[in-house]
Amino acid sequence: MLLAVGGGISAYKSAELCRELVRRGAIVSCAMTRAAQSFVAPLTFQALSGRRVATSLMDASEEAEIGHIRLADENDLCIVAPATANLIARIAAGMGDDVVTTVLLATRARTLLAPAMNVNMWRNPIVQANLRRLLEDGRFETIGPGVGDLACGWVGEGRMAEPLEIVEAAQRCLRRDLEGRAVVVTAGPTVEDIDPVRFLGNRSSGRMGYAVAQAAARRGAKVTLISGPTSLATPPGAERTDVRGALEMRDQLARAAASADVVVMAAAVADYRPASPSPSKLKRDVGTTQLDLVPNPDILAELGARRDGGRLPVLVGFAVETEDLEANARQKLEKKKVDLVVANRAEVGFGGAENEALLVSREGVQALARMSKDDLADRILDRVCELLSAGGSATPPRAPPP
Ligand code: CTP
């Protein structure tokens, strides 16, 4: 893997990171920006990695020996640590003005950024926009930054993640345990039309389902995302179908689930819809009025019943509750005949970037600490992988498409 070191004081921690990676058996090539070399000498990384360090594009002997295109091609993962505001900006702008940015421009490998900077720089909308641009590309991931005392004297977000955290994130980036699997994810709210301009909806942002879709694609799955209306960008690598109401979601899911290994039902499906939506806009001059509702099908329970017990696909449901979290989740597990229920409290999970969940399956209950929805997505998929392998030889991965 490639360790690209940016010019920040936390470059000293990247030496420790290099050491940890090598200790765990990784072959690590290092590249440094000019500013990074003012903080730590290239010799340090050479000694720790056992390989010559790339420091310049223009040095003929170095280029002959290392070659920036070779560095771009031969590494399965690039780690940028520290990823300074300046380095993030240069990568986001597609610049190739030194050996680090040129390699990152040419590589097709996943790239893990470990941002480190002053708290006000981190909060600057320009920095955040640059980062968003990279994350939308799908090849980039971030770890950190953490909160704490910063070298500049401020306290806040901006500390580079600790070397061991970066190592763990790198291991996550390299995991391909869903290779050859077809994963279908539903996400977002369903909206049930009252008339051409009004609808019944709910406060689901879609973030949890999108995080699962993104993590599954990163882990090698062929991902179909069936989404109610959200403002989120399609996760890289996922194929997305947009729907509005529950009936439309049910149709699309039936089609996709037929060849799926896993279905994750993260959508907040409306339980009711207007009995007879009006084809024209309703007028207010009717005075007091009533809206008749009819129940929507329970899409997940229908899938569970059709699957008849243990056969594929592995079914994951969500339970959003305001009380009796575990009991309600267990009830949904049995009633809907699913393999795993991700249970969370409405006040924590809805709308925000974090969640705190119980993973409830027939094997037991796992209580997870509050974490980002991206991290939770990976924890859910860890359980899904266990359930897939518990299916053993009866559930071999489908052959990848030609
Ligand atoms: N679900 C579904 N179809 C519905 C309602 C819910 O497929 N009509 C799915 C959701 O996507 C979720 C799970 O069922 O994965 C549980 O949803 P939740 O709203 O918590 O439960 P309900 O079954 O609607 O039960 P209640 O609202 O009474 O708690």
Side-chain angles (χ1 to χ4, degrees), residues 183-193 199-213 216 224-230 232 241-258 260 262-275 293-307 313-351 355-362 365 373 376-377 379-381 383-384 387:
V183 175
V184 180
V185 183
T186 66
T190 66
V191 298
E192 309 294 338
D193 289 328
F199 59 81
L200 295 175
N202 62 63
R203 286 163 49 192
S204 166
S205 65
R207 281 198 205 179
M208 192 62 244
Y210 277 58
V212 173
T224 305
L225 173 63
I226 299 172
S227 175
T230 73
L232 302 173
T241 303
D242 287 326
V243 298
R244 285 181 66 76
L247 296 184
E248 208 186 335
M249 181 169 278
R250 176 169 72 164
D251 285 351
Q252 292 297 337
L253 185 58
R255 214 162 295 157
V262 181
V263 174
V264 180
M265 192 78 200
V269 183
D271 285 325
Y272 292 89
R273 65 179 187 280
L293 301 176
V294 291
N296 270 327
D298 187 326
I299 303 175
L300 185 58
E302 283 183 356
L303 270 184
R306 212 172 314 142
R307 190 184 59 148
V314 166
L315 286 185
V316 180
F318 278 69
V320 178
E321 309 290 347
T322 49
E323 63 255 338
D324 298 334
L325 193 55
E326 187 178 331
N328 279 315
R330 281 185 187 282
Q331 216 178 3
K332 281 177 188 168
L333 187 78
E334 294 312 325
K335 201 172 100 197
K336 303 196 185 209
K337 296 199 172 85
V338 299
D339 302 292
L340 179 66
V341 171
V342 182
N344 63 274
R345 294 187 189 285
E347 64 275 19
V348 183
F350 252 51
N355 209 343
E356 186 181 325
L358 295 181
L359 301 187
V360 181
S361 66
R362 283 180 193 81
V365 178
K373 288 185 175 173
L376 178 58
R379 302 296 287 269
I380 294 167
L381 293 175
R383 284 293 294 129
V384 164
L387 288 162

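Atoms within each ligand, like the ligands themselves, are counted from 1 in listed order.
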Trainee: Any side-chain heavy-atom pair from T186 and I299 closer than 4.5 angstrom?
Mentor: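 Counting from C-beta outward, T186 and I299 never come under 4.5 Å.
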Trainee: Report yes if some heavy atom in the side chain of V314 is under 4.5 Å from a heavy atom in the side chain of V263; otherwise report no.
Mentor: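 The answer is no, as the side chains (C-beta and beyond) never meet within the 4.5 Å cut-off.
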Trainee: So do the side chains of M265 and L253 get within less than 4.5 Å of each other, counting heavy atoms only?
Mentor: yes
Trainee: I want to check something: taking the side chain as every heavy atom from C-beta on, are V185 and S227 in contact at a cut-off of under 4.5 Å?
Mentor: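 Result no, sub-4.5 Å side-chain heavy-atom pair not found.
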Trainee: List below, pair by pair, the N or O atoms of ligand 1 and of the protein that are less than 3.5 Å apart, including the distance to 0.1 Å; reply 'none' if no pair qualifies.
Mentor:
{"from": "ligand 1", "atom 1": "3 (N)", "to": "I299", "atom 2": "N", "distance (Å)": "3.1"}
{"from": "ligand 1", "atom 1": "7 (O)", "to": "I299", "atom 2": "N", "distance (Å)": "3.3"}
{"from": "ligand 1", "atom 1": "7 (O)", "to": "L300", "atom 2": "N", "distance (Å)": "2.8"}
{"from": "ligand 1", "atom 1": "8 (N)", "to": "P297", "atom 2": "O", "distance (Å)": "2.9"}
{"from": "ligand 1", "atom 1": "11 (O)", "to": "M265", "atom 2": "O", "distance (Å)": "3.4"}
{"from": "ligand 1", "atom 1": "11 (O)", "to": "A267", "atom 2": "O", "distance (Å)": "2.7"}
{"from": "ligand 1", "atom 1": "14 (O)", "to": "K336", "atom 2": "NZ", "distance (Å)": "2.8"}
{"from": "ligand 1", "atom 1": "15 (O)", "to": "M265", "atom 2": "O", "distance (Å)": "2.8"}
{"from": "ligand 1", "atom 1": "15 (O)", "to": "F318", "atom 2": "N", "distance (Å)": "2.8"}
{"from": "ligand 1", "atom 1": "15 (O)", "to": "F318", "atom 2": "O", "distance (Å)": "3.4"}
{"from": "ligand 1", "atom 1": "20 (O)", "to": "V320", "atom 2": "N", "distance (Å)": "3.3"}
{"from": "ligand 1", "atom 1": "20 (O)", "to": "K332", "atom 2": "NZ", "distance (Å)": "2.8"}
{"from": "ligand 1", "atom 1": "21 (O)", "to": "K332", "atom 2": "NZ", "distance (Å)": "3.0"}
{"from": "ligand 1", "atom 1": "23 (O)", "to": "K336", "atom 2": "NZ", "distance (Å)": "2.5"}
{"from": "ligand 1", "atom 1": "24 (O)", "to": "D271", "atom 2": "OD1", "distance (Å)": "3.1"}
{"from": "ligand 1", "atom 1": "24 (O)", "to": "D271", "atom 2": "OD2", "distance (Å)": "3.2"}
{"from": "ligand 1", "atom 1": "27 (O)", "to": "D271", "atom 2": "OD2", "distance (Å)": "3.4"}
{"from": "ligand 1", "atom 1": "29 (O)", "to": "K332", "atom 2": "NZ", "distance (Å)": "2.9"}

Trainee: With side chain to side chain donor-acceptor pair (under 3.5 Å) as the test, would you mind laying out the steps for N296 and E192 before giving the verdict?
Mentor: CA-CA 10 Å; N296 270 327; E192 309 294 338; 3.3 Å; yes
Trainee: Look at R330 together with E326 and state whether they make a salt bridge at an N to O cut-off of under 4.0 Å.
Mentor: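 Between E326 and R330 there is a salt bridge, with a charged N closer than 4.0 Å to a carboxylate O.
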